[in-house]
Amino acid sequence: MTDQKFGGPFVITGLSGSGKTVLSRSLEDIGYLCVDNIPLELVSSLFDTTDQDVGRLAVVLDVRTRGMAERFPEIFHELKKRYPNLRMIFVEADPAVLLRRYSVVRRPHPMRDGAVENSINAERRSLAAVRDIADLIVDTTHLSPHDLRRQVLTLGSGTSEPPDVLSVEVESFSYLQGVPATASLVFDVRFLPNPYFVQELRGMSGNDEPVKNWLNGQEEVEEAIRRISDLALYLIPRYDDELKSDLTIAVGCTGGRHRSVYVADRVASVLRAAGREVVLRHRDKEQWRYT
């Protein structure tokens, strides 16, 4: 991302199962370098080596980090002197909620102190001194992962609103090669007039001017592009609101060479004119020479 503002650096820590992974992955989506569970001996040197970009650094530490409870408060105070913008986020949740989350994922608690309830309580006691010096305590008891992601994106962007993290790709494809597995929206344009059946256009593609001119002269092609573009423009802000990170708009025809290429190109142009950054890709371009 260009001209991205950062609200960091951050140290993310807290109780296991409370949402540290959601926080770190959300920060990665807006350009942060997230380093997970490194030895305490390396924390200070990590900040030193990333000094020029320290505002986009997030270090994730938890109870598995040896010496976390005993030594980290002092390390954090020293780092705070050198990096006044450094903030620690401590994530926690109600023990009953954590217990329910562990019962769902069926993974062992990192402290492994007998029953999961015992491990949760032991971890809370162990990290009490770390919690006391946190700049921000986030209780995720009543937060969905979506709500938590929205909060950390706002915090990490250094603005009052979460940034747009949605990456939009418009992709043409051939139905003979299958529908793209990652497509969120799929538009089948095989109902449109086909340049393949025009002898002088058959060997060209939707990128070539004669094919563009021919398709541009078909009224139903223009209407299809308008309707597809309108739907995409309607949906994209709603995907933004849901903090979706990737959106692939796939446009397919039989050979993936004429109609889908032309329509994908036109739709991408409309989205760009509306202010969206769009990646345009013709998935089956390498197959054109065989059709």
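No experiment lies behind these values; they were computed from the predicted model shown.
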When rounded to the nearest 0.5 Å, the distance separating CZ of R124 from CG of L15 is 5.0 Å
Pair listing, salt bridge (charged side-chain N to carboxylate O under 4.0 Å, His left out) test, anchored in residues 166-187, at least two apart: E169-R281, E171-R281
Smallest heavy-atom separation, T13 atom then D62 atom, equals OG1-CA, 4.1 Å
Within a reach of under 6.0 Å around CZ of R272, are more than 12 heavy atoms found that belong to other residues, nucleotides or ligands? yes
Between the CG atom in L33 and the CG atom in L27, the distance rounded to the nearest 0.5 Å is 11.0 Å
Sequence neighbours excluded, the answer for salt bridge (charged side-chain N to carboxylate O under 4.0 Å, His left out) partners of E220 is none
Using the rule side chain to side chain contact (heavy atoms under 4.5 Å, CB included), only one of M204, R257, H258 pairs with Y196; which is it? H258
Using a 3.5 Å distance criterion without hydrogens, assess whether the side chain of K80 forms a donor-acceptor pair with backbone atoms of L86. yes
Donor-acceptor pair, distance only, cut-off 3.5 Å: does the side chain of S24 make one with the backbone of T21? yes
Quick one: which of L280, I225, V170 gives a side chain to side chain contact (heavy atoms under 4.5 Å, CB included) with D265? L280
Could you check whether R238 makes a cation-pi contact with Y234, meaning its NZ or CZ is under 6.0 Å from the centre of the six-membered ring and within 45° of the ring axis? yes
Measure from the side-chain N and O atoms of N121 to the backbone N and O of N118, and report whether any donor-acceptor pair falls under 3.5 Å. no
Within the 4.5 Å heavy-atom criterion, are L185 and T248 side-chain neighbours or not? no
The single option from L127, V11, T65 that satisfies side chain to side chain contact (heavy atoms under 4.5 Å, CB included) with F72 is V11
Side chains of Y262 and K212: closer than 4.5 Å at any heavy-atom pair? yes
Contacts of R266 that satisfy salt bridge (charged side-chain N to carboxylate O under 4.0 Å, His left out) - sequence neighbours left out: E222
Flag yes if more than 12 heavy atoms outside E219 fall under 6.0 Å of its CD atom; otherwise flag no. no
Taking the six-membered ring of Y175 (Phe, Tyr or Trp), confirm whether the NZ or CZ of R190 is under 6.0 Å from its centre and within 45° of its axis. yes
Looking just at side-chain N and O atoms, do T140 and E92 make a donor-acceptor pair shorter than 3.5 Å? no
